[in-house]
Amino acid sequence: LRSALYIFDHAAFGWIARVAGASRPAVFYCIRLVLGAKSAGCEAMLVWSVRQSFGRALALWTWLFLISSAGMFHAAVSYLPSSAAMYLVALCWAFWAPSREQPAA
C-alpha cells in the first residue's frame, strides 16, 4: 500500500505530461523536474528557517553546503523513497529550528 501511494503521488504529474502530448522521455524528465522542485522548496525553507533562527552568516554557510552537496543534484531528483525522506527531514529541521526559545550565541 505504501509503495502504491508513493507511486500515485508522482504518477499524477506524469499523467498530466502524457495527456499534454509529451513523449515517454519527456514524461520521465517532467517527473524529475517535479522532484527537483520539491527538493528546492524544502531546502529553501530550511535555509530561511536557519536564517530566522541563527542568523544570516549561518544561513549563507548552510546554503553553500547544500548547493555543493550531492543531494542537491543527484539524490533530489531520484525516484526513490529515500529522496522523499530527505525532503521530509529538511522540512522537519525547517519547522523545528524557529521553535527554539533561545537564539544562538
Worksheet item: Can you tell me how far CD1 of Ile7 sits from OH of Tyr79, rounded to the nearest 0.5 angstrom?
Response: 5.0 Å
Worksheet item: Step by step, would you call Leu66 with Trp63 a side-chain contact (heavy atoms from CB on, under 4.5 Å)?
Response: CA-CA 5 Å; Leu66 282 173; Trp63 180 73; 5.7 Å; no
Practice prompt. Please report the shortest heavy-atom distance between Ser78 and Ser83, naming the atom on each side.
Written response: O-OG, 3.3 Å
Fill in: Within one Ile-Leu-Val-Met-Phe-Trp-Tyr cluster: Val89 and Ile67, side-chain cutoff 4.5 Å
yes
Donor-acceptor contacts under 3.5 Å from residues 22-30 side chains, at least two apart:
none

Worksheet item: Out of curiosity, Met86 CE to Lys38 NZ, how far, rounded to the nearest 0.5 Å?
Response: 12.0 Å
Worksheet entry | Rounded distance (nearest 0.5 Å) linking atom CH2 of Trp93 with atom SG of Cys42 | 15.5 Å
Donor-acceptor list for residues 44-52 side chains, cut-off 3.5 Å, not counting sequence neighbours:
from  : atom 1 : to    : atom 2 : distance (Å)
Ser49 : OG     : Ala94 : O      : 2.7

Worksheet entry | Over all atoms of both residues, closest heavy-atom pair of Tyr87 and Leu35 | OH-O, 3.2 Å
Worksheet item: Shortest non-hydrogen contact from Arg32 to Val77?
Response: NH2-CG2, 3.0 Å
